[in-house]
Amino acid sequence: MGQHSAFSLLPIAAHHLDTVASTMDAAKEILKQPPPAGLVYVTARVQTAGRGTQGRVWQSPPGNLYMTCVVSLEALSEARLPTLPLEAGLVLHRLIVSRLPFEARPALWLKWPNDLLLQTGPVATKVAGMLIEVHRGHVLVGLGVNLAEGPEIDDGGRPAAGLAELSDALHPEKRLDIAEAFASGLAETLSPSWSTEKRRETIKAWSRITRWNEPVKLRGRSPGIPQADATVMPLQLTEQGHLEVRHADGRHETLVAEYLW
Ligand code: BT5
């Protein structure tokens with residue numbers, strides 16, 4: 001509890017919990033009191049109601065990593081929000097890559113806006129997901145990383161995989177180590193003030209790590225949209241970090257992460 005890291009400009013405080021409904025809710029509990037300045041994060045061993053975007057379930061058995069980082073929007077600037085998932089994704093990608101054996105590294109890539117995928121066969125498996133929410137003037141960055149196991153996916157999502165079998169550095173025993181490294185990496189990335197140049201660098205770096213030739217499936221969009229489950233081709237990130245895609249009929253659309261709606 002309340003340990004501080006000397007490695008980043010934003011001070012870091014951690015709360016390690018055992019069983020929670022969701023670390024997003026645990027983080028919101030913490031926000032009922034004014035939190036300390038800097039980055040606060042919560043981890044849990046197990047979640048009983050872990051969630052993804054649009055109310056989807058995030059399966060959360062023991063042995064995987066579940067955490068939520070909280071940073072005040074004041075410290076960030078609102079202009080940074082659209083690119084925040086990209087920045088967080090880059091931190092996550094860098095962290096996991098650094099713990100993978102050299103030969104496995106090229107298989108790891110980021111899918112817009114919040115998935116970390118591992119390409120070991122024709123279908124990439126999902127090894128981590130991020131969920132961003134804004135609450136009481138703070139941004140909450142939730143992260144789930146499959147270490148021990150990739151649970152059975154039965155809701156139409158892509159298959160999941162665990163990372164532990166690839167590297168001892170991604171063993172479930174390293175869970176809190178990985179959490180701390182993610183929090184420090186995020187604090188380090190977010191500490192310098194935001195600039196147009198930083199935004200361009202982020203978009204460039206992220207664009208190198210995604211796979212532009214992999215179609216994106218739009219799952220369960222609002223009813224009434226004809227292409228509710230359309231498969232689209234990603235084209236490029238806009239200057240704001242939104243994703244421009246091409247539909248099968250040639251029409252272009254710019255996708256905006258759900259927490260910005
Ligand atoms: C995400 O949503 O990928 C965001 C997941 C964020 C989870 C973290 S855990 C800590 C924090 N506390 C929470 O309650 N949440 C955050 P989305 O892109 O909507 O993906 C959800 C989909 O991924 C589901 O519909 C399933 O198909 C699939 N899925 C569920 N559990 C999974 C798992 N453990 N590993 C891989 N895929 C999973």
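Both ligands and their constituent atoms are indexed starting at 1 by order of listing.
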[atom] [closest protein heavy-atom partner, distance rounded to 0.1 Å]:
atom                    : result
atom 28 (C) of ligand 1 : I153 CD1, 3.9 Å
atom 5 (C) of ligand 1  : W58 CE3, 3.4 Å
atom 22 (C) of ligand 1 : R219 NH1, 3.9 Å
atom 10 (C) of ligand 1 : T23 OG1, 3.2 Å
atom 3 (O) of ligand 1  : K126 NZ, 2.8 Å
atom 4 (C) of ligand 1  : M130 O, 3.4 Å
atom 12 (N) of ligand 1 : Q47 OE1, 2.9 Å

With a 4.0 Å heavy-atom cut-off (strictly under), which part of [X] contacts ligand 1: side chain, backbone, both or neither?
X    : result
Q54  : neither
L143 : backbone
R56  : side chain
M67  : backbone

Give the numbers and elements of all ligand 1 atoms closer than 4.0 Å to a heavy atom of [X].
X    : answer
N146 : 33 (C), 34 (N), 35 (N), 36 (C)
D155 : 24 (C), 25 (O), 26 (C), 27 (O)
V57  : 24 (C), 30 (C), 31 (N)
G157 : 27 (O)
S22  : 12 (N), 13 (C), 14 (O)
N114 : 18 (O)
R51  : 5 (C), 6 (C), 7 (C), 13 (C), 14 (O), 15 (N), 16 (C)
D115 : 3 (O), 18 (O)

Should [X] and [Y] count as side-chain neighbours, where that means a heavy-atom distance under 4.5 Å?
X    : Y    : value
E180 : Y41  : yes
L73  : L81  : yes
W112 : L255 : yes
V123 : P159 : yes
K198 : E87  : yes
L218 : V245 : no

Below 4.0 Å from any atom of ligand 1, is there a heavy atom belonging to G150?
no
If you apply the rule side-chain hydrogen bond (donor to acceptor under 3.5 Å, both in side chains), what do you find for T83 with R80, and how did you get there?
CA-CA 6 Å; T83 354; R80 193 166 197 156; over 6 Å; no
Using distance alone, determine whether Q59 and ligand 1 share an N or O pair under 3.5 Å.
yes
Return yes or no for this condition: an N or O of T53 is under 3.5 Å from an N or O of ligand 1.
yes
Please determine whether the number of non-hydrogen atoms from other residues, nucleotides or ligands lying under 6.0 Å from atom CG of D18 exceeds 12.
yes
Answer yes or no: does atom CD of E165 have more than 12 heavy-atom neighbours from other residues, nucleotides or ligands under 6.0 Å?
no
Can we say K204 and E201 salt-bridge, meaning some charged N sits less than 4.0 Å from an Asp/Glu carboxylate O?
no
Working to the nearest 0.5 angstrom, can you tell me the gap between R56 CZ and R51 CZ?
14.0 Å
Closest non-hydrogen atom pair, G38 against L10
CA-CD2, 4.0 Å
Given H93 and L108, is the side-chain contact (heavy atoms from CB on, under 4.5 Å) satisfied, shown in steps?
CA-CA 8 Å; H93 181 269; L108 199 70; 4.0 Å; yes
